[in-house]
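Read the structure below first, then the notes.
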Amino acid sequence: MSEEGGIRATLRRFIDGNGATHMERKRHRMKFILAFGTVLAAIVFIAMLCIGPTKILDPISALSNLFTAIGKDGSEMTPDQVMVYSSRFPRALAALAVGIGLSVAGSAYQAVIRNPLVDPYIMGVSSGAGTLAIAVIAFDFTFFGLLDHNSIYLVAIAAILGGLIAFFLTMALAQRAGGTTNSYVLSGVVIGLVFGAMQTIMIVFSGNKVSDVLLWLFGSFANVTMEKALFILIPVVVISVFIMRYAKEMNLVLLGESQARQMGLNVRRFNAMMLTLASILTAFCVAFCGIIGFVGLVVPHLCRMLFGGDHRLVLPASIALGAVLMMAADLAARMIEPGTELPVGAITTLIGVPVFAYLLFIRGKMYNG
């Protein structure tokens with residue numbers, strides 16, 4: 001046995017435990033995912049509270065400042081408490097939520113459409129979100145006066161509406177094209193190209209707002225406040241937990257529509273519900289933070305390579321790994337060049353491209369999702 005094969009076998013035994021039956025091994029995998037994922041996410045979360053371009057704190061000091069500031073309800077804080085509570089804590093919460101949301105959405109898209117190359121951006125959701133967000137940022141579009149120009153939710157609402165408009169256009173086009181797996185993918189590409197072209201035209205005419213537009217398009221947590229972080233976190237957690245309840249149904253869909261129907265699943269209604277929820281989830285993720293790529297594509301792949309194709313394992317694993325990846329990417333975006341805020345979307349893409357290439361060319365035959 002090769003050295004790589006020996007390491008892989010050892011890792012598999014560690015993850016599966018000593019269970020004699022398939023169900024015992026699967027239960028051990030679930031416990032491993034929950035324990036290891038929670039610990040790893042907590043470590044990276046605390047690191048985000050401790051590390052920043054202006055000052056590095058030890059974990060005890062960072063947590064003490066955070067809890068003291070929470071106890072004061074954000075008033076009469078020391079400089080360190082302001083730094084941890086008002087800046088680092090909201091960013092950590094937002095990165096955690098976006099990592100969870102994009103990973104769960106990617107898993108749902110890939111399961112329902114039965115195509116491992118699908119992610120929230122292939123479906124055109126992010127392109128639609130970006131188009132209306134640019135309209136607000138660059139041209140102060142207020143939906144014909146329906147929304148307050150000074151509202152902190154204006155860009156977020158625009159992004160959510162744009163994402164949902166693009167999604168429903170993709171769905172309508174795909175249904176007209178036959179409702180097959182390929183029609184969903186191709187329809188998403190077409191709608192994404194249309195909205196992408198609209199974005200390019202608006203950027204050309206955005207004038208002195210072009211830097212703000214590009215910062216949003218490339219993804220950033222720089223302007224996230226506690227209020228915005230909770231606006232992302234609460235819907236993402238609720239929708240993600242709801243989607244996880246349908247992990248068994250996702251497994252049925254992967255067997256094929258005819259078999260899923262024989263097992264009593266209304267495939268058309270289930271697919272529509274999952275795709276809609278995944279698109280809403282994506283829209284909330286990009287609302288304040290902009291377009292962040294490759295998380296919804298790469299994370300489900302990695303999880304299926306480690307734990308197989310059972311979505312009862314893939315979804316919780318995606319939550320843990322997606323959260324860790326996004327928080328680590330945001331930490332890198334702040335610290336690679338202290339004093340300069342790098343786009344977190346560029347960091348995730350730089351991580352995702354080589355990982356995806358590795359999955360595609362080196363490990364493709366071993367992929368059992």
- Query: Where is the tightest heavy-atom contact between Leu132 and Ala158, given as atom of each residue plus distance?
  - Reply: CB-O, 3.3 Å
- Which ILVMFWY residues can you reach from Ile43 by hopping between side chains whose heavy atoms are under 4.5 Å apart? Val39
- Task: Mark yes or no for whether Gln110, through its side chain, and Ser107, through its backbone, hold a donor-acceptor pair below 3.5 Å.
- Result: no
- What pairs meet the salt bridge (charged side-chain N to carboxylate O under 4.0 Å, His left out) rule with one or both residues in residues 89-102, with sequence neighbours excluded? Arg91-Asp330, Arg91-Glu341
- Task: Check step by step if side chain to side chain contact (heavy atoms under 4.5 Å, CB included) holds for Phe89 and Phe45.
- Result: CA-CA 9 Å; Phe89 185 50; Phe45 189 91; 3.6 Å; yes
- Message: Are Ile203 and Val210 packed together at the side-chain level, in the sense that at least one heavy-atom pair is separated by less than 4.5 angstrom?
- Response: yes
- Item | Partners meeting side-chain contact (heavy atoms from CB on, under 4.5 Å) with Thr225 (sequence neighbours left out) | Glu227, Lys228
- Supply the atom-to-atom distance Ile157 CD1 to Leu154 CG, rounded to the nearest 0.5 angstrom. 7.0 Å
- Considering only heavy atoms from C-beta outward, does the side chain of Val344 approach that of Phe221 to under 4.5 Å? yes
- Note on the structure: Rounded to the nearest 0.5 angstrom, the OG-CG distance for Ser220 and Leu214 is 12.5 Å
- Message: A side-chain contact here means heavy atoms from C-beta on lying under 4.5 Å apart; do Ser86 and Met226 qualify?
- Response: no
- Task: May I have all residue pairs that pass salt bridge (charged side-chain N to carboxylate O under 4.0 Å, His left out) and include part of residues 52-63, sequence neighbours excluded?
- Result: Lys55-Asp80
- Around atom CG of Asp212, are there more than 12 heavy atoms of other residues, nucleotides or ligands at under 6.0 Å? yes
- Query: Honestly curious: do Ile100 and Val314 fall in one hydrophobic cluster under the side-chain, below-4.5 Å linking rule?
  - Reply: no
- To the nearest 0.5 angstrom, please state how far the CG atom of Leu297 sits from the OG1 atom of Thr349. 10.5 Å
- Please tell me if the side chains of Thr68 and Met77 come closer than 4.5 Å, counting only heavy atoms from C-beta onward. no
- What are the two closest heavy atoms between Ala69 and Tyr85, and how far apart are they? CB-CB, 3.6 Å
- Note on the structure: Applying side chain to side chain donor-acceptor pair (under 3.5 Å) to Ser103 and not counting sequence neighbours gives none
- Indicate if Leu350 and Met326 have the same hydrophobic cluster label, given that clusters are the connected sets of ILVMFWY residues with side-chain heavy-atom separations under 4.5 angstrom. no
- Message: If we ignore hydrogens and angles and just use 3.5 Å, is the side chain of Ser206 paired with the main-chain N or O of Lys209 as donor and acceptor?
- Response: no
- Message: Gln259: which residues meet the side chain to side chain donor-acceptor pair (under 3.5 Å) condition with it, sequence neighbours left out?
- Response: none
Could you pull out every donor-acceptor pair under 3.5 Å between side chains of residues 186-198 and any protein atom, sequence neighbours left out?
residue, atom, partner, partner atom, Å
Ser187, OG, Ala174, N, 3.3
Ser187, OG, Ser183, O, 2.6

- Task: Name all residues meeting the side-chain contact (heavy atoms from CB on, under 4.5 Å) criterion together with Ala320; count only those two or more places apart in sequence or in a different chain, and write none if there are none.
- Result: none
- Query: Does Cys50 offer a backbone N or O that forms a donor-acceptor pair with the side chain of Arg88 under 3.5 Å?
  - Reply: yes
- Query: Which heavy-atom pair separates Ala97 from Ile232 by the least distance, and what is that distance?
  - Reply: CB-CG2, 3.9 Å
- Item | Check: Asn251 side chain, His311 main-chain N or O, donor-acceptor pair, under 3.5 Å | yes
- Item | Between CG on residue Asn65 and CG on residue Leu49, distance to nearest 0.5 Å | 10.0 Å
Just list the side-chain donor-acceptor pairs under 3.5 Å for residues 262-283, sequence neighbours left out, or say none.
residue, atom, partner, partner atom, Å
Asn266, OD1, Arg269, N, 3.2
Arg268, NH1, Gln175, OE1, 3.1
Thr276, OG1, Ala272, O, 2.7
Ser279, OG, Tyr109, OH, 2.5
Ser279, OG, Leu275, O, 2.9
Thr282, OG1, Ala278, O, 2.9

- Contacts of type side-chain contact (heavy atoms from CB on, under 4.5 Å), residue Val237, not counting sequence neighbours: Leu233, Val241
- Listed by chain and number, what are the ring-ring contact (aromatic ring centres under 6.0 Å, His included) partners of Phe36, not counting sequence neighbours? Phe32
- Query: After noting the C-alpha distance and the side-chain angles of Leu217 and Val213, does the key distance pass the side chain to side chain contact (heavy atoms under 4.5 Å, CB included) rule?
  - Reply: CA-CA 6 Å; Leu217 284 177; Val213 169; 4.0 Å; yes
- Task: Determine yes or no for a side-chain-to-main-chain donor-acceptor pair under 3.5 angstrom, with Thr348 supplying the side chain and Gly345 the backbone.
- Result: yes
- With no hydrogens and no angle check, is any side-chain donor or acceptor of Thr170 less than 3.5 Å from a backbone partner on Gly124? no
- Message: Nearest 0.5 angstrom please: Ile46 CD1 to Met327 CE, how far?
- Response: 10.0 Å
- Can you check side chain to side chain contact (heavy atoms under 4.5 Å, CB included) on Ile137 and Trp216, steps first, answer last? CA-CA 9 Å; Ile137 296 170; Trp216 192 93; 3.8 Å; yes
- State whether the side chain of Ser61 and the backbone N or O of Leu57 hold a donor-acceptor pair below 3.5 Å, judged by distance alone. no
- Task: Kindly compute the distance separating CD1 (Ile160) from CD1 (Ile165), expressed to the nearest 0.5 Å.
- Result: 12.0 Å
- Indicate the atoms forming the closest heavy-atom contact of Leu254 with Gly309, along with that distance. CD1-O, 4.1 Å
- Message: Between Leu96 and Met48, does the side chain to side chain contact (heavy atoms under 4.5 Å, CB included) criterion hold? Intermediate values first, please.
- Response: CA-CA 11 Å; Leu96 174 78; Met48 290 194 70; over 6 Å; no
- What heavy-atom pair brings Leu34 and Thr38 nearest, and what distance separates the two atoms? O-OG1, 2.6 Å
- Item | Sequence-distant partners of Phe231, ring-ring contact (aromatic ring centres under 6.0 Å, His included), two or more places apart | Tyr153, Phe284, Phe288
- Where do Gly322 and Val299 come nearest, in terms of heavy atoms and distance? N-CG1, 3.9 Å
- Item | Single-linkage hydrophobic cluster, 4.5 Å side-chain cutoff, Ile60 and Ile51 together | no
